[in-house]
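Here's the structure we're looking at; comments come further down.
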Amino acid sequence: MTDYEPKIIAFLCNWCSYVAADAAGVSRFQQAANVRVIRVFCSGMVDPSYVLKAFSSGADAVLVAGCHPGDCHYISGNMKALRRSFLLANLLKEMGVDEGRFRLEWIAASESPRYAEVINEMSESVRQLGPMH
């Protein structure tokens, strides 16, 4: 099982988290390479069906990352994402998906080290859980 690399899908807000991810790459921060980024305009635009589709398509984990509360480019989109995350976490739990496989994080554009830290931490914790299917 040492060869197992989890497949992580990351839905990143265009204005904050995506900028942090880009800066983490440009700055050459050490980070797991098993993440596929999907750029969305706002974390609030990530419909729960997108997360379910990611899991049903073979993802081992899903990250939704957006601007910190109070800093949303669209005023309150991240609060919409937060409300949805509670419902989604409950639904995933009922479906038998371990709670460590879904995360909502606030990552500002200036927090590229934090982005790398979240990705590495998530990758390692999912690696410990093993493959989804």
For this session: Taking all heavy atoms of Ala32 and all of Asn120, pick out the closest pair and write down the distance.
Result: N-OD1, 2.7 Å
Exercise. Got Ser17 and Tyr115 here, is their nearest side-chain heavy-atom distance under 4.5 Å?
Worked result: no
For this session: Would you please name every residue forming a side-chain hydrogen bond (donor to acceptor under 3.5 Å, both in side chains) with Asn14, sequence neighbours left out?
Result: Arg39
Exercise. How far does CZ of Arg84 sit from OG of Ser43, to the nearest 0.5 angstrom?
Worked result: 9.5 Å
Exercise. Is it the case that one hydrophobic cluster holds both Val118 and Val64, taking links as side-chain heavy atoms less than 4.5 Å apart, direct or via other members?
Worked result: no
For this session: Determine, stepwise, if the pair Tyr50 / Ile38 fulfils side-chain contact (heavy atoms from CB on, under 4.5 Å).
Result: CA-CA 11 Å; Tyr50 300 171; Ile38 299 174; over 6 Å; no
Exercise. Sequence neighbours excluded, which residues qualify as side chain to side chain contact (heavy atoms under 4.5 Å, CB included) partners of Lys93?
Worked result: none
Exercise. Donor-acceptor pair, Asn34 side chain versus Ser123 backbone, under 3.5 Å?
Worked result: no
For this session: Tell me, please, which residues at least two apart from Asp47 pass side-chain hydrogen bond (donor to acceptor under 3.5 Å, both in side chains).
Result: Ser49
Donor-acceptor contacts under 3.5 Å from residues 71-81 side chains, at least two apart:
residue, atom, partner, partner atom, Å
Tyr74, OH, Trp15, NE1, 3.3
Asn78, ND2, Cys67, O, 2.9
Asn78, ND2, His68, O, 3.0

Just list the side-chain donor-acceptor pairs under 3.5 Å for residues 96-105, sequence neighbours left out, or say none.
residue, atom, partner, partner atom, Å
Asp98, OD1, Gly100, N, 2.8
Arg101, NH1, Asp60, O, 3.0
Arg101, NH1, Gly130, O, 3.3
Arg101, NH2, Gly130, O, 2.8
Arg103, NE, Glu105, OE2, 3.0
Arg103, NH1, Glu121, OE2, 3.1
Arg103, NH2, Glu105, OE2, 2.7
Arg103, NH2, Glu121, OE2, 3.1
Glu105, OE1, Arg114, NH2, 2.5

Seminar exercise, completed: When every non-hydrogen atom of Ala116 is compared with those of Gln31, the smallest separation belongs to CB-CB, 4.2 Å
Exercise. Do Val19 and Leu12 have side chains that get closer than 4.5 Å, going by heavy atoms?
Worked result: no
Seminar exercise, completed: For Ser85, the side-chain hydrogen bond (donor to acceptor under 3.5 Å, both in side chains) test, sequence neighbours excluded, returns none
